[in-house]
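Notes to accompany the following structure.
Below, all heavy atoms of this structure are taken into account, side chains as well, without hydrogens, waters or symmetry copies. Start at 1 with the first residue, then count along the sequence.
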Amino acid sequence: MYEITDRDWVKSPASSITYGTYDATNNKITNYQYGSNSDGKNNPYVHALYNNRELDNEAKAWGNHNQDGWGINQEHIWPKSRGFDTVPSDSKGGARGDPMHLWAGNGYANNIHSNWAYGYVDTDKTYTDCGSKYSYLSGNLKGTSKTNGSGTVFEPQDSDKGDIARACFYMVARYNNLSLSDTISDFEPNL
């Protein structure tokens with residue numbers, strides 16, 4: 001889905017070389033065929049969480065999915081271990097597969113984020129800056145919480161904070177069980 005939802009339409013515009021048919025009047029693509037790593041015509045650049053967009057974004061939908069370089073992987077904005085990790089790992093339904101909180105994210109920074117809560121990092125104490133290894137990840141920090149002075153948190157770069165806050169708000173509003181039981185179903189936890 002990232003080829004469409006997170007596509008960098010400036011660097012990878014829809015055109016005659018894109019699979020499918022682009023209707024400029026209605027701004028729609030029909031008959032779209034998803035790409036592959038070897039198909040340059042349909043391997044678009046994508047906006048990935050944690051990448052510093054002030055630098056040239058080189059993340060590709062079908063790029064290296066490892067924890068290095070421009071590799072992207074699937075970031076659960078709401079970590080699976082914080083409410084819906086009991087569903088089988090191959091499950092795509094419910095909260096686990098909800099596209100409102102599944103985004104393309106830089107694999108290296110995603111690995112550092114792990115399942116730490118989001119928060120403000122106290123830079124007066126020891127912390128990790130993802131950008132110390134890759135400059136285009138600067139501003140993504142992991143360290144001691146500045147708010148309560150203890151506990152480890154992950155602070156995304158400023159340009160991603162609003163999007164992440166909206167995704168978290170959505171998850172709490174969507175997966176809120178008013179009966180206050182632990183789960184609505186295996187696919188719909190009470191977050």
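Both Leu137 and Ile77 sit in one connected hydrophobic cluster of ILVMFWY residues. Membership requires side-chain heavy atoms under 4.5 Å apart, directly or through other members. In the hydrophobic cluster analysis, where Ile, Leu, Val, Met, Phe, Trp and Tyr join through side-chain heavy atoms closer than 4.5 angstrom, Val46 is grouped apart from Ile4.
A distance-only check finds no donor-acceptor pair linking the side chain of Asn26 to the backbone of Lys28 [under 3.5 Å]. Side chain of His101 to backbone of Trp78: a donor-acceptor contact under 3.5 angstrom is found. A donor-acceptor pair is defined here as one N or O able to donate and one able to accept, closer than 3.5 Å; no such pair exists between the side chain of Asn27 and the backbone of Ala24. Arg7 contributes no side-chain N or O that, together with a main-chain N or O of Tyr45, makes up a donor-acceptor pair within less than 3.5 Å.
The side chain to side chain donor-acceptor pair (under 3.5 Å) search around Thr5 returns none, not counting sequence neighbours. Remark: Ser145 pairs with Asn148 by the side chain to side chain donor-acceptor pair (under 3.5 Å) rule, at least two apart or across chains. With sequence neighbours excluded, no residue forms a salt bridge (charged side-chain N to carboxylate O under 4.0 Å, His left out) with Asp23. For the ring pair (Phe, Tyr, Trp, His ring centres under 6.0 Å) test, residues two or more places apart in sequence or in another chain that qualify with Tyr134 are Tyr108, Tyr136. For Asn106, the side chain to side chain donor-acceptor pair (under 3.5 Å) partners are Asn51, not counting sequence neighbours.
Rounding to the nearest 0.5 Å places OG of Ser12 at 6.0 Å from NZ of Lys60. Separation of atoms CD1 (Ile164) and CG (Leu49) is listed at 5.0 Å; rounding is to 0.5 Å. Distance check: His47 NE2 to Ser159 OG gives 10.5 Å after rounding to the nearest 0.5 Å. Here OH of Tyr2 is found 10.5 Å from CH2 of Trp103. Values are rounded to the nearest 0.5 Å.
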Exercise answer: donor-acceptor pairs, residues 110-117 side-chain atoms, under 3.5 Å, sequence neighbours excluded:
from   : atom 1 : to     : atom 2 : distance (Å)
Asn110 : ND2    : Asn73  : OD1    : 2.6
Asn110 : ND2    : Gln74  : O      : 3.4
His113 : ND1    : Glu75  : OE2    : 2.9
His113 : NE2    : Trp116 : O      : 3.1
Asn115 : ND2    : Ser81  : OG     : 2.7

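Sorted by first then second residue, the side chain to side chain donor-acceptor pair (under 3.5 Å) pairs that include residues 118-129, not counting sequence neighbours, are Tyr50-Tyr118. The salt bridge (Lys or Arg N to Asp or Glu O under 4.0 Å) contacts involving residues 143-159 comprise Glu155-Lys161, Asp158-Lys161, where partners must be two or more places apart or lie in separate chains.
Residues Val153 and Lys142 fail the side-chain proximity criterion, which asks for heavy atoms closer than 4.5 Å. Residues Phe154 and Asn140 have side chains in contact (heavy-atom distance under 4.5 Å, counting atoms from C-beta outward).
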